[in-house]
Amino acid sequence: MLDIKLIRQNPEIVREALARRGEDHAALDEVLAADEERRRLIYEVEQLKKRRNEVSDDIAHMKKEGRDASAAILEMREVSGKIKEMDDAVRALDERLNTLLLAIPNIPHASVPFGKDESENVEVRRRGTPREFGFEPKAHWDIGVDLGILDFERAAKITGARFTVFRGAGARLVRALISFMIDMHTKEHGYTEVYPPFLVNRESMVGTGQLPKFAEDMFRCEGTDYYLIPTAEVPVTNLYRGEILDASQLPIYHVAYTACFRAEAGSAGRDTRGLVRQHEFDKVELVKFVRPETSYDELEKLVGDAEDVLQRLELPYRVVMMCTGDVGFAAAKKYDPEVWMPSYGRYVEISSCSNFEAFQARRADIKFRPAPGAKPEYVHTLNGSGLAVGRTFAAILENYQEADGSVTIPEALRPYMGDLERITKG
RNA sequence: GGAGAGAUGGCUGAGUGGUCUAAAGCGCUCGCCUCGAAAGCGAGUGGGCGGGUAGCCCCUGCCCCGUGAGUUCGAAUCUCACUCUCUCCGCCA
């Protein structure tokens, strides 16, 4: 969420930022009105509380000296009732203000290009060259099914649409990709591995911005307050929820493998075949907690870490910077690395790297102390996929397919595949 | 699932209705001492929300003893519910 003080003092900055996103900014006036009313009430009730504290002390003294305090007690009985009423009113206003603030998106960074939607995103670089096939390249779902390493039909039987069974070398390839990515990020990029729960409570979902606004995208365990995580970003960012970190701990880099669960409400009919859009998929996620002044450098490094995986797997890709209309609710700036997918004839998102600045930290209350004795400040949080495993699997099948239907294993992955060089039928 | 114990500041830990602003110790910061350090001595040492002035200081008020309700003129302290932790039993990968 945004800083209420920023909204209070510079409403026009916020208004303009929301307009650049193409967002309605009517809520702002409501925020300002609620904020003013809240502060007025707080002032009044605090005056009453001050009075109550003083008189309560007097009563204590009177009783001690054996004097009659019944008049004061009678007066305070009335004051206390009034305080209770006003406290309730303040609480109601707090709740309303909070609800409003949670629904306002982040302010895009000045370097983010203006644009109304994804068509105006900007390609910032391209690496690798899509391969010239001497034959008609097949889609990964055909390759995988033919090789017997993907089984969508049985997945539909045991669970439903948008689930996958990986089998044999396919199952191993999933495991290999996860290990390969995590090893790279821990050994070469300085990330500490964590393995968090895949179910989190409501506060965690609010902390990273999935709730309350995007509830219909989540799976919730019936009869509980637990949600299946849509990304490791949720448990990992919430690791430090409500904490004040020591400056010497920063920056914190975490890498986490988790399964991810998404209801995909509203995307019926989109990407119905293959691994691109599943209800459950694997992802290796990178999460950073950094000092504010470093967060944009850290974002560039984060994108580089994700790209490194693509380079090592020798997959052609490009990096796109999202415009103001497509930057995402919580992000101030976002890059999407996209991998070349031959059967699509275009680049497909395989990672998403964002700087949230203090937007998540404010919701999740994650601070650090810049210097001993100094006031705590909010950290900046960042995260990015490094990478989405299912889509990487698909990209390998498509880019490394051979005319005979087999798939070559990228060299970097072979140590994780028992030195297997090629997946063949049977 | 059953039984019991517990939750207080960075940590340990006292505090069972008003003697305020939560004792004490440890840790940390600063100062004195010292060639320097240790010891010793002294001082300081949380978070949040308002108001005044001011964009950082400062003055002032309110709130925070796991969370939320309640009793009371007044709650860390009494009552209820919930959450979490620990011990034992049962079940279990």
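Each chain gets a letter, A, B and so on, in the order the sequences are listed, and its residues count up from 1.
- B:G61 is paired with B:C49 under the Watson-Crick or G-U wobble criterion, all donor-acceptor distances under 3.5 Å.
- Residues A:P113 and A:M321 meet the side-chain proximity criterion, which asks for heavy atoms closer than 4.5 Å.
- Checking B:A38 for Watson-Crick or G-U wobble geometry (two distances, each under 3.5 Å) identifies no partner in any strand.
- Here the P atom of nucleotide B:G48 and the CD1 atom of A:I4 are 17 Å apart, to the nearest Å.
- The side chain of A:S56 has B:C73 as its nearest neighbour among B:G46, B:C84, B:C73.
- Rounded to the nearest Å, the gap between the C1' atom of B:G4 and that of B:A93 is 27 Å.
- The residue among A:Y378 and A:R77 whose nearest nucleotide of RNA chain B is located toward the 5' end is A:Y378.
- When the P atom is compared between B:G18 and B:U12, the two are found 27 Å apart, to the nearest whole Å.
- In terms of phosphate contacts, A:K367 brings a side-chain nitrogen or oxygen within less than 4.0 Å of OP1 or OP2 of B:G48.
- Base-pair partner of B:A54: not found among the strands shown (Watson-Crick or G-U wobble, both distances under 3.5 Å).
- Note on A:R38: a side-chain N or O is less than 4.0 Å away from OP1 or OP2 of B:G50.
- Proximity note for A:I244 (side chain, C-beta onward) versus B:G47, B:U71, B:G61: the nearest is B:G47.
- Listed nucleotides: B:C63, B:A69, B:G50. Nearest to the side chain of A:I42: B:G50.
- The environment of CD in A:E36 is sparse: at most 12 heavy-atom neighbours from other residues, nucleotides or ligands sit within 6.0 Å.
- Going from the C1' atom of B:U83 to that of B:G27 covers 30 Å, rounded to whole Å.
- With no hydrogens or angles considered, no side-chain donor-acceptor pair links A:D305 and A:H185 at under 3.5 Å.
- Atoms CG (A:D87) and P (B:C64) sit 10 Å apart, rounded to a whole Å.
- B:G70 is paired with B:C78 under the Watson-Crick or G-U wobble criterion, all donor-acceptor distances under 3.5 Å.
- Of the nucleotides present, B:C11 is the one that pairs with B:G25 by Watson-Crick or G-U wobble criteria, both distances under 3.5 Å.
- Donor-acceptor pairing under 3.5 Å is recorded for the side chains of A:Y296 and A:E357.
- Nearest to the side-chain atoms of A:E46 among the listed nucleotides B:G50, B:G18, B:U71 stands B:G50.
- For the pair A:M76 CE and B:A75 C1', the interatomic distance rounds to 17 Å; values are reported in whole Å.
- Summarising the geometry, the separation between CD on A:E36 and C1' on B:G51 is reported as 14 Å, rounded to the nearest angstrom.
- B:G9 and B:G52: their P atoms are spaced 34 Å apart (whole Å).
- At least one test fails for A:R20 against the ring of A:F114: distance under 6.0 Å to the centre or angle within 45° of the axis.
- The side chain of A:R52 lies closest to B:C63, out of B:G18, B:G50, B:C63.
- Relative to the side chain of A:R8, the nucleotides B:C73, B:C62, B:G50 differ in distance, and B:G50 lies closest.
- Nucleotide B:U85 is matched to B:A5 when pairs are restricted to Watson-Crick or G-U wobble geometry with both distances under 3.5 angstrom.
- Atom P of B:C91 sits at a distance of 46 Å from the matching atom of B:U71, rounded to the whole Å.
- Nucleotides B:A81 and B:C73, compared at atom P, are 24 Å apart to the nearest Å.
- For A:S70, no side-chain nitrogen or oxygen approaches OP1 or OP2 of B:C73 to under 4.0 Å.
- Distances shorter than 4.0 Å separate some side-chain N or O of A:K84 from OP1 or OP2 on B:U71.
- Base pairing of B:G90: no nucleotide in any strand meets the Watson-Crick or G-U wobble criterion (both distances under 3.5 Å).
- Closest-nucleotide positions on RNA chain B for A:I73 and A:R39 were compared, and the one nearer the 5' end corresponds to A:R39.
- Atom OH in A:Y226 sits roughly 9 Å away from atom P in B:U83 (whole-Å rounding).
- For the pair A:N53 CG and B:U60 C1', the computed distance is 14 Å after rounding to whole Å.
- Using a 4.5 Å cut-off on side-chain heavy atoms (C-beta onward), A:K283 and A:M181 make no contact.
- Within 4.0 Å (heavy atoms only), A:R202 reaches no atom of the nucleic acid at all.
- At a threshold of 4.0 angstrom between heavy atoms, the contacts of A:R91 are confined to the sugar-phosphate backbone, with no base atom among them.
- Rounded to an integer number of Å, the gap from CG of A:N98 to P of B:G48 is 16 Å.
- Partner assigned to B:C33 is none, using Watson-Crick or G-U wobble distances below 3.5 angstrom.
- Protein atom CD of A:E37 is 19 Å distant from nucleotide atom P of B:C49, rounded to whole Å.
- Using a 4.5 Å heavy-atom threshold, the side chains of A:I149 and A:L173 count as separate.
- Taking atom P in both B:G42 and B:A24, one finds a spacing of 13 Å when rounded to whole Å.
- If you check every strand for non-hydrogen atoms under 4.0 Å, A:R51 touches nothing.
- Residues A:E243 and A:K367 form no side-chain contact, since every pair of their non-hydrogen atoms from C-beta on lies 4.5 Å or further apart.
- A gap of 28 Å separates the P atoms of B:G17 and B:C11, to the nearest Å.
- At the heavy-atom level, A:K375 lies under 4.0 Å from the strands shown only through sugar-phosphate atoms.
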